[in-house]
Amino acid sequence: MDKKIVLLKDTSIGAADKTKEYYSLILNLLRDQNLQDSVQVVRVADIGFYDQGLVLKILPGQVTYGRVQESDLLPVITETIQGNKVLDRLALEPNEKQLRIVLRNCGQIDPENFDDYIAADGYAALKKVITEYKPEQVIEQLKASGLRGRGGAGYPTWMKWNFARQVKAEQKYIVCNGDEGDPGAYMDRSVLEGDPHSVIEGMMIGAYAIGASQGYFYIRAEYPLAVERIQKAIAQAYEYGLLGKNILGTDFSFDVEIRLGAGAFVCGEETALLASIEGKRGTPQPRPPYPSIKGLWGKPTVINNVETLANIPVILLKGGAWFGKIGTEKSKGTKVFALTGKIKNSGLIEVPMGTTIRDIVYHIGGGMLASKGIKAVQTGGPSGGVIPKEFLDEPVDYENLQKLGSIMGSGGMIVMDEDDCLVDIAKFYLKFCVEESCGKCAPCRIGGFQMLSLLENITSGKGTASDLAKMRRIALAMQKASLCGLGQTASNPVLSTLKYFAAEYKSHIEDKKCVAGKCRYLLNYQIIPEKCKKCGLCLTNCVFGAITGNREQGYILDPAKCTKCGRCYEVCKFKAINKG
Amino acid sequence: MTEPKLSEDIKKVVEKWRNKKGSLVMILHEIQNAYGYVPRETSLELSKYLDVPLARIYEVITFYNYFKLEKPGKHRIAVCMGTACYLKGAPVILQELKELLDVEEGHNTKDGLFALDVVRCLGCCGLAPVMMIDDKVYGKVKKEEIMNILSEYGKEE
């Protein structure tokens, strides 16, 4: 019998980890069977499954068993390890929920090594396109693929390209939007840093399709490594004759430059981004005319997101029809998410469109941190909304998320638990948009400010019953009348929390209570006499004079003087201060 | 590079960009990289040199968060207020820094040793809450650790 390896880990949640006990049990059983020399048993820290009881992985052969009981151990040894037979009742479905298209090279190749990229089929799609395809054929492939813009709005990429292609102009431009500004999202950064050539290749294919001879990378100045990697990759491409005049001996010529963003979220809006590349204030313009007709310096311009461009080489290499088979009816391919928040495994993930939120949170994210229950998932950043736990089994695609009152956005996905106050979250996102509003149009500038002050009242206990109706009216005005996407969507986090968590708003307004205990001004502190050891630590730490008393009689807290700073709660070693 | 005028180095940079379209933002980036901020004297010189009204230069500088008009403190502390960090306690970290350093966000400490900034997202949400001092990233920061972290920067003086 070949040497076998057994990996094991107890993945039970909320119970003591029994990996060690099982480990000795297996070793004993193996010794009984006289197999101790041909089977190696390894305890691992992470086995890729969560909340599946004891998980065993048997190598080679890649059989994985879950919820293994003590009585199962002997059959596993005799039948699977010795007999090579799979026990179906224990076998777990392989955890292949992820599919890497955009991130295909990230972490696999050295991003600064040109040969690595070439070895991974790099620039093969470009070569095929410029030597075999007409621009129309490129657009046909994209149409067949069904690829939609990954920057947030989900506009079909082929249509964008086709508009720009049809316009006759001496000069056209293609721009890569790498000004990723959503708080809690870093997909573009990872692709730019991990696989810069694929973005350049995608951009070149786009340039060929629309007839552009000049491209710009617009990248956040806050991402110095991404800028450095793209700079290096561009230099390498020039060196190998993949950029410049008559690329690969064809008539196609293309040049690329980098422009740095300077910290303005509104520059994610196409027209604002173009103004910024032109060296001006990044304020948006009314559309139409759309940039594909009249963009950078008045010339037809296509703006694509980093992730969109990283998809392009694979689509052209494997064919649009192949890509069109992945995903749901209207949303094709995969989506990269920055999965963060109160889950075990934070990180960048890529899943086929149509994966359920539950699969993302529990199978890939490994479930919730601590034992707190999940409350909601936020997608789409400041322009998105929250999805409450009732909808965990909904598949993720453009239409479905919109139906639920959120958006796909650029790919931030933040998991929240019972400790998070949704009113506070709405305030957080709205504050972001208010700070980032460029101030050009009144609905966004004034509406956002007013709505924020209403939210601030509510979270500090000064809310009134009419506030919710007022917020809804302001939100409607902002949606209808704002000049650009920032203002039109700024109220989404408020509207979606109002829709699903109205009770939470109500308890803030009527009962002056924050269930999650997040809103500082709604908290009340009290000293519990039974637990108090009269040490006086709270008294010395209260700089507002709200605590009085002495070592003999104990201490009391005067709510009228309390500023709710929480200092006493933190310093008390006996948990004798009640917060609620 | 302490003289905040249009030094020869800056002139070289400007020449590099002069004939390119829409280069003002990029020139400002280069100036800020050299001095850590965009000094008023430099903007005045730049205005003459490029024949662009000063107001036009200031309109751009003040629009973007990235450009600074004040000389920053010796060490820049950037506290991340991205959503993941916010949920995992960044406001507590910020409050502690403000109290320890006696400074408001966006300003320098009185001794000029630190500048405290709040930033959107440092792009390492997996390490939340995160703060960065100069180029060093501190992940999963706890309130109690901050004093120790800061003291390392005080020692060098």
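Below, read A as the first sequence line, B as the second, and so on, with proteins coming before strands; counting in each chain starts at 1.
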Answer key: most heavy-atom pairs under 4.5 Å with chain A among B/Q32, B/R56, B/Q95 is B/R56

Can a side-chain donor-acceptor contact be found between A/K427 and A/T459 if the only test is distance below 3.5 angstrom? yes

N-O pairing of A/D417 and A/K342 below 4.0 Å: yes

Hey, which of A/K280, A/R259, A/E278 has the most heavy atom pairs under 4.5 Å with chain B? A/R259

Under 4.0 Å between a side-chain nitrogen and a carboxylate oxygen: does that hold for A/R220 and A/E222? yes

Proximity breakdown for A/I277 and chain B, heavy-atom pairs closer than 4.5 Å: backbone

Over 60° means perpendicular and under 30° means parallel, so tell me whether B/H75 and B/F114 are parallel, tilted or perpendicular. tilted

Do NZ/NE/NH1/NH2 and the carboxylate oxygens of B/E30 and B/K16 come within less than 4.0 Å? yes

Counting heavy-atom pairs under 4.5 Å to chain A, which of B/V119, B/N65, B/V25, B/L127 comes out on top? B/N65

At a heavy-atom separation under 4.5 Å, does A/L369 approach chain B through its side chain, its backbone, both, or neither? side chain

Of the backbone (N, CA, C, O) and the side chain (C-beta and beyond), which part of A/Y429 lies under 4.5 Å from a heavy atom of chain B, both, or neither? side chain

By a 4.5 Å heavy-atom criterion (distance strictly below it), what part of A/S190 contacts chain B: side chain, backbone, both, or neither? neither

Side chain / backbone / both / neither for A/E193 at chain B, heavy atoms under 4.5 Å: neither

Tell me, for A/A338 versus chain B, whether the close heavy atoms (under 4.5 Å) come from the side chain, the backbone, both or neither. neither

Part of A/D182 within contact of chain B (heavy atom distance under 4.5 Å): backbone

Residue part contacting chain B, namely of A/V415, when any heavy atom lies under 4.5 Å: backbone

Report the relative orientation of the aromatic rings in A/F265 and A/F432; use parallel for angles under 30°, tilted for 30 to 60°, perpendicular for over 60°. perpendicular

Can you tell whether the side chains of A/D420 and A/K518 come within less than 4.0 Å, N to carboxylate O? yes

Relative to chain B, which segment of A/E180 carries a heavy atom at a distance below 4.5 Å: side chain, backbone, both, or neither? neither

With respect to chain B, which residue among A/C438, A/S276, A/G341 yields the maximal number of heavy-atom pairs within a distance under 4.5 Å? A/S276

Between B/D134 and B/R76, is there a salt bridge with N-O shorter than 4.0 Å? no

Side chain, backbone, both or neither: which part of A/L339 has a non-hydrogen atom closer than 4.5 Å to chain B? neither

Could you have a look at A/T283, A/D419, A/D424 and say which one has the most heavy-atom pairs with chain B under 4.5 angstrom? A/D424

Count the heavy-atom pairs under 4.5 Å between each of B/M26, B/H29, B/K88 and chain A, then report the option with the highest count. B/H29

Establish, yes or no, whether the cationic atom of A/R281 lies under 6.0 Å from the six-membered ring centre of B/Y64 and within 45° of the ring axis. no

Parallel, tilted or perpendicular, judged at 30° and 60°: which one describes the rings of A/Y173 and A/Y216? tilted

